[in-house]
There are 2 protein chains.
Amino acid sequence: MPAVWLRANCPCGTCRDPGSGQRLVTITGLPAGVTVAGVRVSGAGVEVVFGPDGHRAVFDPDWLTRYGTGAAPGGQEDGRTEDAKRLWAAADLGGELPQGWWPRYLADPAHRRACLSAVLSHGLVVLHDVPCEPGAVLAVARSLGYVRETNYGRLFEVRAEPNPANLALSRLPIAPHTDNPYRDPVPTVQLLHCLRGAAGGGESTFADGFRAAAVLRSQDLAAFACLSTTPVTFAYSDEATELSATGPMIGLDPRGRIRQIRFNERSLAPARLPAAQAQAFYAAYRALAERVSSQEATVTATLSPGDCVIFDNTRILHGRAGFTDSRGGGRRHLQGCYADLDGLASAVAVLARRHPGQPGPGGQAGRAGS
Amino acid sequence: MPAVWLRANCPCGTCRDPGSGQRLVTITGLPAGVTVAGVRVSGAGVEVVFGPDGHRAVFDPDWLTRYGTGAAPGGQEDGRTEDAKRLWAAADLGGELPQGWWPRYLADPAHRRACLSAVLSHGLVVLHDVPCEPGAVLAVARSLGYVRETNYGRLFEVRAEPNPANLALSRLPIAPHTDNPYRDPVPTVQLLHCLRGAAGGGESTFADGFRAAAVLRSQDLAAFACLSTTPVTFAYSDEATELSATGPMIGLDPRGRIRQIRFNERSLAPARLPAAQAQAFYAAYRALAERVSSQEATVTATLSPGDCVIFDNTRILHGRAGFTDSRGGGRRHLQGCYADLDGLASAVAVLARRHPGQPGPGGQAGRAGS
């Protein structure tokens with residue numbers, strides 16, 4: 001590695017704060033023409049003397065091996081692109097969601113880690129036996145990070161209302177979508193907790209948007225390129241709110257890897273594109289829509305009271321079938337809230353400190369009975 | 001515009017929910033070969049009959065003019081890229097921050113709108129006369145959106161501590177940076193409220209990161225290209241937290257416009273790049289660092305008790321001079337919190353409904369005395 005790289009990563013107490021581990025030196029505070037004047041391997045580690053100022057650093061050989069070997073694709077990244085995910089079709093999940101159990105989640109850190117790891121790897125998990133009490137979804141959110149409050153509140157009710165400002169609050173079917181693409185930053189985690197099921201219908205659907213985009217890339221590269229390079233605007237407004245956010249339906253990182261899906265047909269604003277581009281865009285949009293809503297892609301789950309689904313809202317599309325409420329007063333009722341993936345990943349990383357290695361079978365989020 | 005664009009934007013009650021305005025049709029629910037079979041201008045508007053299914057839509061001519069004219073760069077976007085901003089060097093601001101007054105902000109919607117608009121256009125505003133009470137910063141945040149809670153709490157204290165986990169909690173100078181680039185989503189708005197000044201030093205600095213990146217682009221395109229295409233990882237950990245996020249220092253939208261600056265030397269993890277790329281990266285990083293910390297770029301402000309700075313943390317770099325606390329117990333004390341730009345922009349848009357047009361001189365956030 002170049003001398004400047006070594007120097008910028010010097011671990012000495014002048015260059016890094018011994019307490020916080022934070023870097024004390026700035027790049028402009030280092031000599032512009034920094035060189036390696038000498039290297040010596042001693043018992044303390046790899047000792048490097050830098051020119052022109054004679055600064056001395058001692059590196060841990062393990063650290064040098066870990067970080068100094070140049071390109072390490074994915075090795076030190078945040079795990080948010082397709083590279084770090086396990087993409088799935090419905091059959092890969094055996095047609096059902098990864099699952100866990102709230103009492104065990106609370107009691108057993110390995111199970112908690114397995115459940116939250118499923119959100120990072122597969123994009124979602126359902127926890128059973130969450131108490132059927134209003135507000136319990138906030139406790140689930142707090143167990144994995146921080147509630148993201150929005151104009152919908154810290155918690156929002158999902159049940160049929162007479163004059164809904166949002167179609168989620170009707171009994172209509174809702175096509176697969178990501179929530180709130182009219183918001184930036186978008187909430188990256190969504191939780192939906194079932195307090196009461198519908199009299200009929202109301203099944204939830206989930207699909208892996210990263211896989212749908214990857215399939216599109218393999219089958220229709222032009223459509224994929226169009227959707228990943230065309231910014232579109234999503235918008236929402238009501239009496240107290242006027243939100244809009246602009247971005248491509250398929251968001252890529254600078255290396256071209258899938259990182260964020262924005263897909264919501266209800267709130268897509270009219271695309272403002274030259275006619276030829278608009279034609280291509282709508283064809284590509286249709287091609288992606290077919291893939292996110294195909295039977296092959298879709299896991300259908302009937303949420304029972306006490307079930308709480310936690311999912312990655314940058315990746316997983318969710319929807320629902322239309323439903324009926326019973327006349328006797330039984331009304332489908334979910335409570336939802338938002339949180340964020342950075343906090344969830346932090347929770348997993350901290351759990352992993354105590355129990356290194358992959359989540360074992362004992363902790364595994366699995367299918368019913370496992 | 002193509003037929004599919006018109007059809008997807010049909011405003012009829014079957015295609016859009018009359019209550020919420022949300023789209024009811026999905027792209028896959030529309031005929032694949034949609035055509036325009038006929039157009040007629042009537043008193044009601046522009047009537048379009050679509051093939052092959054004979055669906056009929058009536059468009060408002062104003063709407064067609066507004067949205068149907070094809071490319072409208074920036075016209076309907078979310079205003080988050082450099083295109084929608086007023087980039088500034090210190091001299092452009094007369095060396096001081098755009099400012100407002102909290103009592104007037106509360107009493108006068110035009111002043112509130114002007115202050116918040118300054119955050120959208122210039123990236124920051126300072127509000128004077130915010131009560132010097134602990135927690136007042138949360139009231140300021142609630143006035144413009146929603147508090148983003150993190151592992152630092154809903155509110156965090158910025159004052160010297162004995163063994164700081166973060167250098168912000170020391171008396172050391174802090175170089176210009178954006179906060180929390182190790183978090184994704186990063187908090188997009190930061191607030192800092194001064195409860196007590198330092199005995200000496202502690203001046204705050206602010207610089208426009210969008211402008212620094214634009215200057216770099218004009219002076220050293222290769223460095224700009226390197227920083228906008230090289231994902232780097234920022235990391236933070238303490239006993240209860242382990243965060244990391246990966247992204248380029250200069251984030252661009254799909255059209256190549258500057259959209260997000262990530263710059264924090266304390267928390268930049270060792271770059272894992274092949275040696276030649278690492279050399280180029282460090283040279284580019286130095287070139288950007290010089291531009292964000294130059295005297296030309298930097299507005300220095302001594303925050304007085306009661307001052308609350310609100311700034312765009314995706315754009316503005318902030319820092320501070322080292323300081324001393326007085327022996328008599330007077331200790332520099334700020335309280336900070338995070339919020340988000342989407343809520344702030346919504347607040348501005350809702351204020352603008354009542355008072356259309358640009359913020360007038362009466363409401364203007366300005367310099368002292370204006």
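The sequence lines fix the lettering, A, B, ..., with proteins before strands; numbering per chain opens at 1. Every value quoted in this text rests on a predicted model; they were computed, and no experiment measured them.
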Chain A heavy atoms under 4.5 Å from B:Thr28: which part of the residue, side chain, backbone, both or neither?
-> both

Go through the atoms of B:Asn151 and report whether side chain, backbone, both or neither lie under 4.5 Å from a heavy atom of chain A.
-> both

Proximity breakdown for A:Ala240 and chain B, heavy-atom pairs closer than 4.5 Å = backbone

Correct closest heavy-atom pair for B:Asp340 and A:Pro185 would be OD1-CG, 3.3 Å

Backbone N/O of B:Leu243 and side chain of A:Ser346: donor-acceptor pair under 3.5 Å | no

Can you check whether B:Leu30's main-chain N or O pairs, donor with acceptor, with A:Arg286's side chain at less than 3.5 Å?
-> yes

Ranked by heavy-atom pairs below 4.5 Å to chain A, first place among B:Val348, B:Thr230, B:Thr233 goes to B:Thr233

Output the option from B:Arg16, B:Gln22, B:Arg154, B:Arg259 having the highest count of non-hydrogen pairs under 4.5 Å with chain A.
-> B:Gln22

Proximity breakdown for A:Tyr236 and chain B, heavy-atom pairs closer than 4.5 Å | side chain

Could you have a look at B:Ala278, B:Ala349, B:Pro2 and say which one has the most heavy-atom pairs with chain A under 4.5 angstrom?
-> B:Pro2

Structural part of B:Asp184 lying under 4.5 Å from a heavy atom of chain A | both

Using non-hydrogen atoms only, which part of B:Asp238 is less than 4.5 Å away from chain A: side chain, backbone, both, or neither?
-> backbone

Can you tell which part of A:Arg142 gets under 4.5 Å to a heavy atom of chain B, answering side chain, backbone, both or neither?
-> side chain

Region of B:Arg183 in contact with chain A, defined by heavy-atom distances below 4.5 Å = both

Heaviest contributor of heavy-atom pairs below 4.5 Å to chain A, chosen from B:Pro18, B:Gly343, B:Pro270, is B:Pro270

Under 3.5 Å, side chain of A:Arg23 to main-chain N/O of B:Leu268, donor-acceptor pair present?
-> yes

Search all heavy atoms of A:Trp5 against all heavy atoms of B:Ala271 and return the closest pair with its distance.
-> NE1-O, 2.7 Å

Do you know the tightest heavy-atom contact between B:Gln76 and A:Ala269?
-> NE2-CB, 2.9 Å

Answer key: most heavy-atom pairs under 4.5 Å with chain A among B:Pro187, B:Ala347, B:Ser228, B:Pro31 is B:Pro31

Most chain A-contacting option - heavy-atom pairs closer than 4.5 Å, from B:Pro254, B:Ala3, B:Pro173 = B:Pro254

Is the shortest heavy-atom distance from the side chain of B:Ser20 to the side chain of A:Pro164 under 4.5 Å?
-> no

Say you draw a straight line from CD1 of A:Ile174 to OG1 of B:Thr26; how long is it, rounded to the nearest 0.5 Å?
-> 11.5 Å

Would you say the side chain of B:Arg353 lies within less than 4.5 Å of the side chain of A:Ser237, judging by non-hydrogen atoms?
-> yes

Once you round to the nearest 0.5 Å, how far does CD of A:Glu265 lie from CG of B:Leu24?
-> 11.5 Å

Taking A:Glu290, A:Arg80, A:Gln277, A:Gln279 one by one, which has the highest count of heavy-atom pairs under 4.5 Å against chain B?
-> A:Arg80

Which portion of B:Thr150 sits near chain A, non-hydrogen atoms under 4.5 angstrom | backbone

Side chain A:Thr246, main chain B:Asp78, donor-acceptor under 3.5 Å = yes

Got a donor-acceptor contact below 3.5 angstrom from the B:Arg148 side chain to the A:Tyr146 backbone?
-> no

B:Arg272 side chain to A:Arg66 backbone, donor-acceptor under 3.5 Å | yes

